[in-house]
Protein chains: 2
Amino acid sequence: MADEDRPGASTAALARIQTLPSWLLNRASARGRRLVAEALARDGMRMPHHAVLSAVADLGPVAQAELGRTTGFDPKDMVGILNDLQAQDLVSRAPDPSDRRKNAITLTPAGRRRLARLAKLGDEANETLLAALTPAERELFLALLTRVVEEDA
Amino acid sequence: MADEDRPGASTAALARIQTLPSWLLNRASARGRRLVAEALARDGMRMPHHAVLSAVADLGPVAQAELGRTTGFDPKDMVGILNDLQAQDLVSRAPDPSDRRKNAITLTPAGRRRLARLAKLGDEANETLLAALTPAERELFLALLTRVVEEDA
DNA sequence: CTACCAACGTTGGAGTTCCCAACGAATGAC
DNA sequence: GTCATTCGTTGGGAACTCCAACGTTGGTAG
């Protein structure tokens, strides 16, 4: 009789799965997304919009494709995100004179003010997310997490 | 002039966002899901199915609602998952004599064999996921991660 | 100069996960 | 016996991710 057919061979299968790094990361990520989404929603904003707004703030006038590469969003989704941001006058979308294929995305003053508020909300949500850890543990956790992520490159 | 209007006040906004726990957790989680999904796909299986199969293995004959509560899947999605598993003869779905509202979900021998293979594939994927960390670091990482997740309760 | 290939923004569509509302059937409490 | 609850099921929607195609524009090799 093979191990896998013996009754009880797979017991604690659930417990094993739920302590797997991938499972825990999923739950932690879901919690982070929920906390951040709730925080940003208090200012009528969503996570991708916050990320793109931040990227525009850093990269000055920048093409959509470059924004996509930097933030990891799909070009298709970038269109919609920028449509939303532009509709709220947080960014301006003007044709790039030096390359007429590109749109030059720029942060508006309103966008800069909004970003300051969003950054605060995002920080608070992340504070809550890691509330269970001491400052030293958070630093360690982030260092380990960064190495796991960078393995992806 | 307010800080938020001064040019450069929000520089490094992107870098700040991308080092936020929520951002890193999202990326790590996405990587884990991709690795696990690819591994399970080699056996023609998907993540939720693996989780439910594991839960059935542990909980013996069990109702769908109980499976949903344990694994966190929505009752609606549980229907589809069990349909798939049943179509492959990995679980059996029989009416519960003691409560005719319930379905008694049981693991079949084929399900038990399949689960053994899936567990192996899942473990390998998680090995790859944490490849950047030493065994001691992995243990520490999982301990911290667990505390972050349990804060959710 | 003319082909050709690559990049750009855009549109359309699909897939996954998560969540909510409703329904008929069945159960349990009062 | 009435009523609230639970069960499995169906339907639908929100949010994020990803891929394929198209017309336009730019750069390049011949």
Side-chain angles (χ1 to χ4, degrees), chain A residues 22-23 25-41 44-52 56 61-86 91-105 152, chain B residues 22-23 25-38 40-41 45-52 56 61-86 91-105 152:
Chain A
S22 53
W23 183 278
L25 277 173
N26 260 324
R27 282 195 54 192
S29 169
R31 178 165 180 251
R33 300 230 303 214
R34 182 167 42 77
L35 287 172
V36 170
E38 284 170 358
L40 296 182
M45 186 63 47
R46 283 180 299 167
M47 187 269 286
H49 300 69
H50 179 202
V52 170
V56 175
V62 58
Q64 297 184 200
E66 176 63 19
L67 280 176
R69 273 179 241 114
T70 310
T71 55
F73 291 112
D74 190 271
K76 159 168 178 103
D77 307 313
M78 189 63 66
V79 174
I81 295 171
L82 288 175
N83 284 347
D84 296 342
L85 293 178
Q86 192 180 21
V91 303
S92 69
R93 185 150 42 170
D96 184 336
S98 72
D99 188 339
R100 301 211 312 278
R101 293 173 303 178
K102 301 182 180 177
N103 283 339
I105 311 294
D152 209 6
Chain B
S22 53
W23 183 278
L25 278 172
N26 259 322
R27 282 195 53 194
S29 169
R31 178 164 180 252
R33 301 231 301 212
R34 183 167 42 77
L35 287 171
V36 170
E38 285 170 358
L40 296 182
M45 186 65 44
R46 282 181 301 167
M47 189 266 288
H49 300 67
H50 179 202
V52 171
V56 175
V62 58
Q64 296 185 201
E66 176 61 19
L67 280 176
R69 275 180 240 112
T70 309
T71 55
F73 291 112
D74 191 271
K76 164 176 175 88
D77 306 314
M78 188 63 67
V79 174
I81 295 172
L82 288 175
N83 283 346
D84 296 341
L85 293 178
Q86 192 180 22
V91 302
S92 69
R93 187 150 41 169
D96 183 338
S98 72
D99 187 340
R100 300 211 311 277
R101 293 172 303 177
K102 301 183 180 177
N103 282 338
I105 312 294
D152 208 6

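Lettering of chains follows the sequences in order, A, B, ..., and the numbering in each one begins at 1. What you see below is based on every heavy atom in this structure, not just the backbone, and it leaves out hydrogens, waters and symmetry mates.
- Taking 4.0 angstrom as the limit, Asn103(B) places a side-chain polar atom (N or O) nearer than this to OP1 or OP2 of dT9(D).
- When the nucleotides dC16(D), dT10(C), dC8(C) are ranked by their closest atom to the side chain of Arg93(A), dT10(C) comes out on top.
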Its contact letters, B for base, S for sugar-phosphate only and - for none at protein heavy atoms under 4.0 Å, make nucleotides 18-28 of chain C read BBB-----BS-

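- Side-chain atoms of Asp74(A) come within 3.5 Å of backbone atoms of Lys76(A) as a donor-acceptor pair (strictly under, hydrogens ignored).
- Counting only heavy atoms from C-beta outward, the side chains of Arg93(A) and Asn83(A) approach each other to under 4.5 Å.
- Residue Asp84(B) contributes atom CG, which lies 14 Å from atom P of dG15(C) at whole-angstrom precision.
- What separates CZ of Arg31(B) from P of dT17(D) is a distance of 17 Å, to the nearest Å.
- Distance Met45(B) CE to dT16(C) P: 14 Å, rounded to the nearest Å.
- The two residues Asn26(A) and Ser29(B) come nearest to each other via the heavy atoms OD1-OG, 2.8 Å.
- When all heavy atoms of Ala51(B) and Phe73(B) are compared, the closest pair comes out as CB-CE1, 3.9 Å.
- Within 4.0 Å (heavy atoms only), Met78(B) reaches no atom of the nucleic acid at all.
- When the P atom of dG23(D) is taken as reference, atom NZ of Lys102(A) falls 23 Å away, rounded to whole Å.
- Of all heavy-atom pairs between Asn103(A) and Pro95(A), the closest is OD1-CA, 4.2 Å.
- Neither OP1 nor OP2 of dA7(C) sits under 4.0 Å from any side-chain N or O of Gln64(A).
- Listed nucleotides: dT10(D), dT17(C), dC16(D). Nearest to the side chain of Arg46(A): dC16(D).
- Going from atom CD of Glu66(A) over to atom C1' of dG9(C) covers 15 Å, rounded to whole Å.
- Here the closest heavy-atom approach between residue Lys102(B) and residue Ala63(B) is recorded as CD-CB, 3.8 Å.
- Within the structure, a side-chain polar atom (N or O) of Arg69(A) is placed less than 4.0 Å from OP1 or OP2 of dC8(C).
- Between Asp84(B) and Met45(B), every side-chain heavy-atom pair lies at or beyond the 4.5 Å cut-off.
- In this structure, Leu82(A) atom CG and dC8(C) atom P are separated by 14 Å, rounded to whole Å.
- The distance from atom CD of Gln86(B) to atom P of dG8(D) is 13 Å, rounded to the nearest whole Å.
- At whole-Å resolution of the value, CG in Asn83(B) and C1' in dG8(D) are 11 Å apart.
- Heavy atoms of Ala63(A) sit under 4.0 angstrom from primed sugar atoms or phosphate atoms, though from no base atom.
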